[in-house]
Amino acid sequence: MHKTDILIIGAGPVGLFSVFQAGMLGMKAHVVDSLDMIGGQCAALYPEKPIYDIPAYTKISGEDLIKNLHAQNEKFKPIYHLSQQVTSITNDGKAFKSITSRGVEIESKIVLIAAGAGSFTPNRPPLANIEKYEDKSIFYMVKNRENFRGKKIAIAGGGDSAIDWTINLAEIAEKIFLIHRRDKFRAAPESLSQVESLEKAGKVELVVPYQLHNLEGENGILQNVIVADLNGNEKKLDANILLPFFGLATDLGPIKNWGLGLEHFHINVDQASCETNIPGIYAIGDVSHYEGKIKLILVGFSEAAIALHHAYSRVFDGKALHFEYSTTKGAKGL
Ligand code: FAD
């Protein structure tokens, strides 16, 4: 049984900043995440995209933001438990006892839920033998765009991700086939006119209205993507990479069963403290809700500070917090 001050569920940007805030207040943290890496949406969904609204950065990529948050936390030596969820939480009146899906037991004075939209898994197109190609020729996320240089890429989907990656990868790909089952896309007009120009330049071929139908290749290496229109007429695209962007299935997992009064996948909190309906359990970042809530990283950072200042007296057995600026108290080793 690990013993700690605070158990953080979710290692997205908000969970990571909570480690730092907790450390500055003298609290030790363990962090559990269902993914096999830290960084939440920033690391998993848009590592190379620039974020423009992180204070004091004109822009910073999702990946660099996470690297910086991780480095900022090093001094406080958080313990990460990745590839697992917290399955149950009980409270004996003195502490919370949490057990993860890998059997790790953690006792903590408070629990901070920073689970975002929940654990996310991409929606897979229903294609025979798709698993043989996954992570070799079929990818649901672009972690490193350089891997796609010079390739013939089929991008499937009709929303922002499909359009954004078509524009982004057209710079380095040999050719892009953009497949959508309708002839209209759901994306910003400026982006659509960029795709039009790329089509005129011969960099992008619009394959509409067509749906993914079959895959041809060997040993996970894709040779052709077969698409079909609504009448069943087939077309062969000589693409060696397929990027399906059909959205994400999100699931808060066992959190749904903890009596936190979830509404539409959100946990209602008291905005003044970010505490849930269970004293000692806090919710911050994308997963939390109150009137006027804005789902932005910087809002989540602020909620981390609010929750942990509120939690101080619970963590330190009723001791009142003497508020100090970081410039006043300093942070040895930083
Ligand atoms: P998340 O980043 O979602 O992290 C939550 C973590 O909790 C995940 O790692 C997940 O695996 C884990 N988790 C969930 N459920 C469980 C469970 N039951 N057990 C264990 N672990 C669990 N925001 C901005 O401010 N500016 C932007 O420019 C911006 N651009 C964006 C672009 C895109 C394409 C997307 C998708 C989002 C963008 N956002 C942007 C939104 C931003 O990414 C989110 O607001 C932010 O990631 C929320 O952080 P979080 O830590 O609350 O949750």
Side-chain angles (χ1 to χ4, degrees), residues 43-50 59 61-63 121-248:
L45 302 185
Y46 57 102
E48 294 185 334
K49 277 198 170 184
K59 64 176 177 178
S61 69
E63 186 180 22
T121 43
N123 290 322
R124 305 159 87 207
L127 295 171
N129 297 321
I130 190 166
E131 65 288 347
K132 292 190 181 150
Y133 297 92
E134 286 172 335
D135 295 328
K136 288 182 183 157
S137 303
I138 298 185
F139 304 90
Y140 299 101
M141 292 165 194
V142 177
K143 291 194 180 156
N144 181 357
R145 78 196 273 271
E146 278 307 308
N147 292 343
F148 302 107
R149 184 174 286 280
K151 304 276 191 229
K152 288 188 184 166
I153 306 172
I155 293 181
D160 286 325
S161 298
I163 296 292
D164 287 355
W165 283 117
T166 296
I167 296 167
N168 188 310
L169 294 175
E171 288 171 15
I172 57 166
E174 184 183 333
K175 177 165 187 183
I176 295 200
F177 301 97
L178 177 57
I179 307 158
H180 184 35
R181 67 198 162 104
R182 300 207 174 90
D183 46 18
K184 286 217 166 70
F185 290 87
R186 286 169 284 108
E190 316 84 75
S191 305
L192 293 176
S193 61
Q194 271 180 275
V195 170
E196 243 173 59
S197 311
L198 288 165
E199 189 192 9
K200 280 186 193 136
K203 292 292 290 176
V204 171
E205 180 178 331
L206 289 187
V207 186
V208 293
Y210 277 92
Q211 302 199 62
L212 293 174
H213 184 66
N214 213 342
L215 304 168
E216 282 180 1
E218 263 177 38
N219 302 322
I221 308 302
L222 201 57
Q223 275 151 8
N224 294 301
V225 172
I226 315 296
V227 292
D229 68 12
L230 296 177
N231 299 319
N233 300 312
E234 293 184 15
K235 196 167 168 172
K236 195 180 266 201
L237 312 175
D238 64 335
N240 25 61
I241 297 285
L242 172 62
L243 305 176
F245 292 116
F246 295 140
L248 296 168

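All figures in this text were calculated on a predicted structure; none of them were measured in a lab. We're numbering straight along the sequence, starting at 1.
Around NZ of K151, the count of heavy atoms belonging to other residues, nucleotides or ligands within 6.0 Å does not exceed 12. The local environment of NZ in K132 is sparse, with at most 12 non-hydrogen atoms from other residues, nucleotides or ligands closer than 6.0 Å.
In terms of modelled atom types and a separation under 3.5 Å, the side chain of S61 and the main chain of E48 share no donor-acceptor contact. N219 contributes no side-chain N or O that, together with a main-chain N or O of I221, makes up a donor-acceptor pair within less than 3.5 Å. Looking only at distances, no side-chain donor or acceptor of S161 sits under 3.5 Å from a matching main-chain atom of F245. Within the 3.5 Å criterion, the main-chain N or O of A187 finds no donor-acceptor partner in the side chain of S191.
Considering CD of E234 and NZ of K236, their distance stands at 9.5 Å, rounded to 0.5 Å. Between L243 atom CG and I138 atom CD1 the span is 9.5 Å, to the nearest 0.5 Å. Atoms OG and CG, on S193 and L198 in that order, are 10.0 Å from each other to the nearest 0.5 Å.
For the pair D160 and A188, the tightest heavy-atom approach, listed with the atom from each and the gap, is OD1-N, 4.0 Å. Between G220 and S137 the shortest heavy-atom distance is O-OG, 2.6 Å. Annotation for P125 and F246: closest pair CB-CE1, 3.7 Å, computed over non-hydrogen atoms.
Counting only residues at least two apart or on different chains, the ring pair (Phe, Tyr, Trp, His ring centres under 6.0 Å) pairs with a member in residues 136-160 are F139-F148.
Judged as a salt bridge (Lys or Arg N to Asp or Glu O under 4.0 Å), and not counting sequence neighbours, the contacts of K49 are D164. For R124, the salt bridge (Lys or Arg N to Asp or Glu O under 4.0 Å) test picks out E134, with sequence neighbours left out. Residues passing the salt bridge (Lys or Arg N to Asp or Glu O under 4.0 Å) test with E218: none are found, sequence neighbours excluded.
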Exercise for the section: Go through N123 and L248 one step at a time and tell me if the side chain to side chain contact (heavy atoms under 4.5 Å, CB included) criterion holds. Expected result: CA-CA 5 Å; N123 290 322; L248 296 168; 5.6 Å; no

Exercise for the section: Could you give me the CA-CA distance, side-chain angles and deciding distance for N129 and L215, then say whether side chain to side chain contact (heavy atoms under 4.5 Å, CB included) is met? Expected result: CA-CA 8 Å; N129 297 321; L215 304 168; 5.9 Å; no

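Side-chain contact between L242 and L222 is present, with at least one heavy-atom pair separated by less than 4.5 Å. You'll find the side chain of I153 stays beyond 4.5 Å of the side chain of N240, heavy atoms only.
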Using residues 224-233 as the side-chain source, report each donor-acceptor pair under 3.5 Å to any protein atom, sequence neighbours left out, with the distance given to one decimal.
{"unit_1": "N224", "atom_1": "ND2", "unit_2": "E216", "atom_2": "OE1", "d": "3.0"}
{"unit_1": "D229", "atom_1": "OD1", "unit_2": "N231", "atom_2": "N", "d": "2.9"}
{"unit_1": "D229", "atom_1": "OD1", "unit_2": "G232", "atom_2": "N", "d": "3.1"}
{"unit_1": "D229", "atom_1": "OD1", "unit_2": "N233", "atom_2": "N", "d": "2.9"}
{"unit_1": "D229", "atom_1": "OD1", "unit_2": "N233", "atom_2": "ND2", "d": "3.4"}
{"unit_1": "D229", "atom_1": "OD2", "unit_2": "N233", "atom_2": "ND2", "d": "3.0"}

Hey, can you pull the donor-acceptor pairs under 3.5 Å for the side chains in residues 167-185, sequence neighbours left out?
{"unit_1": "N168", "atom_1": "OD1", "unit_2": "R145", "atom_2": "NE", "d": "2.6"}
{"unit_1": "N168", "atom_1": "OD1", "unit_2": "R145", "atom_2": "NH2", "d": "3.3"}
{"unit_1": "E171", "atom_1": "OE1", "unit_2": "R145", "atom_2": "NH2", "d": "2.9"}
{"unit_1": "K175", "atom_1": "NZ", "unit_2": "E205", "atom_2": "OE1", "d": "2.7"}
{"unit_1": "H180", "atom_1": "NE2", "unit_2": "K184", "atom_2": "O", "d": "3.1"}

